[in-house]
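Right, one structure below, let's go through it.
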Number of protein chains: 2
Amino acid sequence: MTSQDVILGILMKRSLSGYDIKHLLESVFSYFYNASYGTIYPTLSKMEKDGLITKESVLQEGRPNKNIYTITEEGRKQFRAYMYSPMQANEFKSDGMTRLFFGEFVDPEVIARYLEHGIAGTKETLARLQKMYEDCKDTMSPTQEICILIGIENNESTLRTLGNGLDRLNKLKLEKRLDDHE
Amino acid sequence: MTSQDVILGILMKRSLSGYDIKHLLESVFSYFYNASYGTIYPTLSKMEKDGLITKESVLQEGRPNKNIYTITEEGRKQFRAYMYSPMQANEFKSDGMTRLFFGEFVDPEVIARYLEHGIAGTKETLARLQKMYEDCKDTMSPTQEICILIGIENNESTLRTLGNGLDRLNKLKLEKRLDDHE
DNA sequence: CATGGCATGTAACCTGTTACATGATTCC
DNA sequence: GGAATCATGTAACAGGTTACATGCCATG
């Protein structure tokens, strides 16, 4: 999965500008994919050069001009090729988990901070996904609904597991305190 | 979090070779971090040059020689700096979720394959984590235990949610079939 | 005799981010 | 007056992967 594949998928439904695409990625996709302008604009240029999309400049008053990109038949073909290509494994990289793994080298208070930070972040993501689901569930495709429900369920579970982690940590602290009094 | 931070953390406990580090990453870390030899060896060289670790060549008979790396006081200082630096957000990139999101453009059978692929992969990860937990739980630090338990719980949840997704999909297929008969 | 484990290393490549530049308009 | 939104783009850099090169030993 490259940014090109994702952009092609987005353009399958309607023509958009690079700016629009970025906003879509931030809202709907943010849970499983992300890209910066520094990726999007050069990729769009390359795709146009390769004939996968066409550019139409739209003049606007009071605002900068827009470049609206439309997928070509060649682009649709390319997108289908992606959708039928072998699947790539998920990629997950967690600074929080890494720190937790090395937790024996820092104070328990720091570990608690790690977990609390994770809990706050997960809560935010969850709230965002739930809001999105409420706002869009009538206009979403069935598989998009599955997709967002999976995201919600996963974050709910992560929230539980991080909470459990914090409980385990507090239990450890308590045990240690009891040991110290022996 | 860079590969340097992770390598420093690993060397905090004992001195290891690049080859050993790679194997550790594959087994214990694979759930939340990964690096290839093409990252590990150049990083180790750079770290030695920067005085964070020292190299000791160990001659072996019947096998290639090993370079065993040991963390220095400077390296420990650097590692502590990482552990107290601001936390980075988790990174998650999912080809499967992306395809699911664009599911309206392919046959339902293909979507089912996506989900089944995800289920198989998650089961594998889960089995690996559970085996690791059984094998190592007596030698793990408390926070490492929390870490692996979080991984297990998360994969159990993902398995449930993917299963739910498959059920939802089958329900949709059924509804569609009923609609077609009207 | 081929495969896989042990062990290190590099060069070419890919993919992506950050930070900057530009500039008008609207909202507080 | 300052910040945010709209809108595009690039250059420098970071961080990584893949594939290859080397070579011996043990196992099937």
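To find a chain, count down the sequence lines: A is the first, B the second, and so on, and within it residues start at 1. Both backbone and side-chain heavy atoms feed into the values below; hydrogens, waters and symmetry mates do not. Just so you know, these numbers come straight off a predicted model, no measurement behind them.
Neither OP1 nor OP2 of dC6(C) sits under 4.0 Å from any side-chain N or O of Asn65(B). The shortest distance between the side-chain N/O atoms of Tyr33(B) and the OP1/OP2 oxygens of dG16(D) is below 4.0 Å. Here Arg63(B) does not reach the OP1 or OP2 of dC24(D): none of its side-chain N or O atoms lies under 4.0 Å away. Look at Thr2(B) and you won't find any side-chain N or O under 4.0 angstrom from OP1 or OP2 of dG15(D). For Gln60(B) and dA7(C), the shortest distance from a side-chain N or O to OP1 or OP2 is below 4.0 Å. For Asn34(A) and dG16(C), the shortest distance from a side-chain N or O to OP1 or OP2 is not below 4.0 Å.
The side chain of Tyr41(A) approaches dG9(D) more closely than any other nucleotide in the set dT8(C), dA7(C), dG9(D). For Ser36(B), counting side-chain heavy atoms from C-beta on, the closest listed nucleotide (dG9(C), dG23(D), dT17(D)) is dT17(D). Of the candidates dA7(C), dG9(C), dG16(C), dG16(C) carries the atom nearest the Ser3(A) side chain, counting heavy atoms from C-beta on.
Taking the nucleotide of DNA chain C with the nearest heavy atom to each of Pro64(B) and Tyr69(B), the more 5' of the two is matched to Pro64(B).
One interatomic measurement links the two molecules: NE2 of His23(A) to C1' of dT8(D), which rounds to 12 Å at whole-angstrom precision. Rounded to whole Å, the distance from CD1 on Ile68(B) to C1' on dT8(C) is 13 Å. Going from atom CE of Met1(B) over to atom C1' of dA14(D) covers 15 Å, rounded to whole Å. Following rounding to the nearest Å, Met47(A) (CE) and dT15(C) (P) show an atom-to-atom distance of 13 Å. Taking atom CG on Leu44(B) and atom P on dA7(C), their separation rounds to 15 Å, with Å as the unit. In this structure, the OH atom of Tyr37(A) is 16 Å from the C1' atom of dG16(C), given to the nearest Å. A straight line from NZ of Lys66(B) to P of dG9(C) spans 13 Å, rounded to a whole angstrom. In this structure, CG of Leu59(A) is placed 15 Å from C1' of dA24(C), rounded to the nearest angstrom.
With respect to the salt-bridge test (charged N to carboxylate O, under 4.0 angstrom), the residues Arg80(A) and Glu73(A) qualify. Salt-bridge formation is detected for the pair Lys22(A)/Glu26(A): a Lys NZ or Arg NE/NH1/NH2 atom is positioned less than 4.0 Å from an Asp or Glu carboxylate oxygen. With respect to Lys66(A) and Glu56(A), no salt bridge is recorded, no charged nitrogen being found less than 4.0 Å from a carboxylate O. Between Arg168(A) and Glu153(B) there is a salt bridge, since a side-chain N of the basic residue sits under 4.0 Å from a carboxylate O of the acidic one. The pair Asp50(B)-Lys46(B) counts as a salt bridge, with a side-chain nitrogen and a carboxylate oxygen less than 4.0 angstrom apart.
Near DNA chain C, meaning a heavy atom under 4.0 Å away, the residues from residues 7-21 of chain B are Ser17(B), Gly18(B), Tyr19(B).
The shortest distance between side-chain heavy atoms of Leu162(A) and Thr122(A) falls below 4.5 Å.
Classified by interplanar angle (parallel below 30°, tilted 30° to 60°, perpendicular above 60°), the ring pair Tyr41(B)/Tyr37(B) is parallel.
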Show me the side-chain donor-acceptor pairs of residues 133-140 of chain A shorter than 3.5 Å, one per line, residues at least two apart or across chains.
residue   : atom : partner   : partner atom : Å
Tyr133(A) : OH   : Glu145(A) : OE2          : 2.8
Asp135(A) : OD2  : Lys131(A) : NZ           : 2.6
Thr139(A) : OG1  : Cys136(A) : O            : 3.1

